[in-house]
Participant: 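This is the structure I want to talk about, given as structure tokens.
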Amino acid sequence: MLAAGETVSAARKAVALALKRAGIADFTFEARILIEDLASDGDPIGEAAVVRLNDALARRLAGEPLWRVLGAREFWGLSFALTPATLEPRPDSETLIEAALGHLASRRHDKLRVLDLGTGTGCLLIATLREFPLASGLGIDLSPGAVATATGNAARNGVGERAVFRQGDWTDGIAERFDLILSNPPYIGSSEIAGLDPNVREHDPLLALDGGPDGLDAYRALAAALPRHLEPGGLAILEIGAGQEEAVMALMAEAGLCHLASRRDLGGHIRALVFQHNP
Ligand code: GLN
């Protein structure tokens, strides 16, 4: 435990050492983030910062992921509050935003209508609205806690007036058509959940992960809904898990959607599939 009156640099070293002893791989990086976030308002660090830091360190050492401890994670250069009801936004999902920018470059200043299904923190919709300044959108999640978190995140990132979030089961009760539909749905096969990294398994909500027996339940629901909710020529950009490309492409083809592109994440895995509705 740290005491008030330590210098920032001594505290950073002490935190790094504690993390290292606990077997945390990125101990130097995590110590820097913890200090920057919680104890950068004075050097030597003051009483309140020490209390914050000790509390955070204890939670981290007890196994809570870093960004959960800090209560927020960055996505697309924006900060998103996390709650137990929301998945942590992951850098891989930024591939969907890149795809939207690539495929809608000529419509950057149109009043696009955007739908985000399974919105979680709202990161996909909110990042998209930041990039398309006249667009507006709707984010839907089965979890009321996620809806509350996403609503707060839209305000926090300056798009509160262009984003509405609603509790719902996919598109039940919605009649509107959209220019762009985004989704990073739950896509882990139920039997694979037990083998996930504990950081994910124990801290991300099961509802956001579990894609049913073969991991594809959400894509079946999406395939049924997308043709009814896309404008003619509208795009759907879907995140997929490892190895799901062909199965998801087949489901969307059966639903009458046309595959436009597949996009790889920074790790080289196909992460985002782009479909067009050409009725
Ligand atoms: N859309 C959110 C995200 O990309 C939540 C996804 C989810 O809960 N499966 O982080």
Side-chain angles (χ1 to χ4, degrees), residues 87 93 95-104 106-108 110-132 134-144 146-147 150-151 154 159 161-187 207-208 211-212 215-240 244-245 247-263 271-279:
L87 190 80
S93 303
T95 311
L96 277 72
I97 310 299
E98 289 163 6
L101 282 169
H103 288 272
L104 291 165
S106 64
R107 303 191 65 191
R108 194 76 182 264
D110 288 1
K111 291 186 177 165
L112 298 177
R113 286 286 295 156
V114 184
L115 175 65
D116 179 13
L117 294 171
T119 197
T121 57
C123 61
L124 296 177
L125 178 60
I126 292 165
T128 302
L129 295 184
R130 289 284 300 237
E131 294 295 338
F132 293 82
L134 301 181
S136 61
L138 173 62
I140 295 177
D141 205 286
L142 198 51
S143 155
V147 170
T151 302
V159 298
E161 298 189 345
R162 293 189 283 133
V164 170
F165 294 92
R166 200 180 294 166
Q167 193 276 336
D169 188 358
W170 303 113
T171 57
D172 275 6
I174 291 178
E176 193 185 343
R177 288 184 186 267
F178 296 84
D179 302 294
L180 171 64
I181 300 182
L182 300 163
S183 186
N184 173 20
Y187 54 65
L207 187 62
L216 298 171
D217 280 0
Y219 300 102
R220 292 189 189 91
L222 289 167
L226 294 175
R228 269 186 287 128
H229 293 288
L230 280 172
E231 293 284 2
L235 298 184
I237 306 181
L238 310 179
E239 178 161 335
I240 57 165
Q244 290 178 325
E245 187 191 13
V248 173
M249 283 182 25
L251 284 169
M252 299 304 150
E254 270 171 50
L257 295 174
C258 164
H259 174 248
L260 272 191
S262 300
R263 227 177 156 95
R271 181 63 60 181
L273 301 182
V274 184
F275 299 95
Q276 189 163 42
H277 183 42
N278 297 324

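Heads up: numbering here begins at 1 and tracks the sequence. Values reported hereafter were calculated over all heavy atoms of this structure, with side chains retained and with hydrogens, waters and symmetry mates removed.
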Participant: Between atom OG1 of T128 and atom CZ of R162, what is the distance when rounded to the nearest 0.5 Å?
Facilitator: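 These two atoms lie 10.5 Å from each other.
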Participant: Look at atom CZ of R166 and say whether more than 12 heavy atoms of other residues, nucleotides or ligands are closer to it than 6.0 Å.
Facilitator: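 Count not over threshold, so no.
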Participant: Go through it in stages, so that I can follow the logic: the residues are L112 and L104, the test is side-chain contact (heavy atoms from CB on, under 4.5 Å), and I'd like the CA-CA distance, side-chain angles, deciding distance and then a yes or no.
Facilitator: CA-CA 10 Å; L112 298 177; L104 291 165; 4.2 Å; yes
Participant: Quiz question: by atom type and distance under 3.5 Å, do the side chains of E239 and Y187 form a donor-acceptor pair?
Facilitator: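 Checked: E239/Y187 side chains pair up, N/O donor to acceptor below 3.5 Å.
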Participant: Can you check whether S143's main-chain N or O pairs, donor with acceptor, with D141's side chain at less than 3.5 Å?
Facilitator: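 Such a contact is found between D141 side chain and S143 backbone.
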Participant: Going by the rule salt bridge (Lys or Arg N to Asp or Glu O under 4.0 Å), which residues pair with E176 if we only count those two or more places apart in sequence or in a different chain?
Facilitator: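 Partners of E176 under the salt bridge (Lys or Arg N to Asp or Glu O under 4.0 Å) test: R113.
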Participant: What's the verdict on side-chain contact (heavy atoms from CB on, under 4.5 Å) for S136 and V114, showing C-alpha distance, side-chain angles and the deciding distance?
Facilitator: CA-CA 6 Å; S136 61; V114 184; over 6 Å; no
Participant: With under 30° as parallel and over 60° as perpendicular, where do the rings of H229 and F178 fit, or are they tilted in between?
Facilitator: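 Ring orientation, 0 to 90° scale: tilted.
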Participant: How close do L96 and S183 get, heavy atom to heavy atom, and via which atoms?
Facilitator: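 In terms of heavy atoms, the two residues are closest at CD2-O, 3.7 Å.
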Participant: Taking all non-hydrogen atoms of both residues into account, name the closest pair between I140 and G168 and its distance.
Facilitator: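 So the minimum-distance heavy-atom pair works out to CG2-O, 3.7 Å.
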Participant: Do S262 and E245 pair up side chain to side chain, a donor and an acceptor below 3.5 Å, judged on atom types alone?
Facilitator: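 Side chains of S262 and E245: pair found under 3.5 Å.
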Participant: Keeping T171 on the side-chain end and I174 on the backbone end, is there a donor-acceptor pair under 3.5 Å?
Facilitator: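 No, because the side chain of T171 does not come within donor-acceptor range (under 3.5 Å) of the backbone of I174.
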Participant: Would you confirm whether R177, through its side chain, and P227, through its main-chain N or O, come within 3.5 Å as a donor-acceptor pair?
Facilitator: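 Such a contact is found between R177 side chain and P227 backbone.
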Participant: Please report the C-alpha distance between L222 and L117 in whole Å, then the side-chain angles of each, then the deciding distance to 0.1 Å, and finally whether the side-chain contact (heavy atoms from CB on, under 4.5 Å) criterion is met.
Facilitator: CA-CA 9 Å; L222 289 167; L117 294 171; 3.5 Å; yes
Participant: Quick one: closest heavy-atom pair of D217 and G212, and the distance?
Facilitator: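 Nearest heavy atoms, D217 then G212: OD2-CA, 3.4 Å.
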Participant: For L257 and L230, work out which heavy atoms get closest and say how close.
Facilitator: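 Minimum heavy-atom contact is CD2-CD1, 4.0 Å.
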Participant: Check S93 against L124 and note the closest heavy-atom contact, atom names and distance.
Facilitator: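 That would be O-CD2, 3.8 Å.
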Participant: Can you list the steps and then say if H259 with L273 is a side-chain contact (heavy atoms from CB on, under 4.5 Å)?
Facilitator: CA-CA 7 Å; H259 174 248; L273 301 182; 4.3 Å; yes
Participant: Report the distance from atom CG of L235 to atom CG of D179, rounding to the nearest 0.5 Å.
Facilitator: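 Going from the CG atom of L235 to the CG atom of D179 covers 9.0 Å.
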Participant: Would the distance check show the side chain of R108 and the main-chain N or O of E131 forming a donor-acceptor pair, the cut-off being under 3.5 Å?
Facilitator: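 Yes, the answer is positive, given that a donor and an acceptor are paired below the 3.5 Å cut-off.
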Participant: Side chain of Q167, backbone of L142: donor and acceptor closer than 3.5 Å?
Facilitator: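 Checked: pair present.
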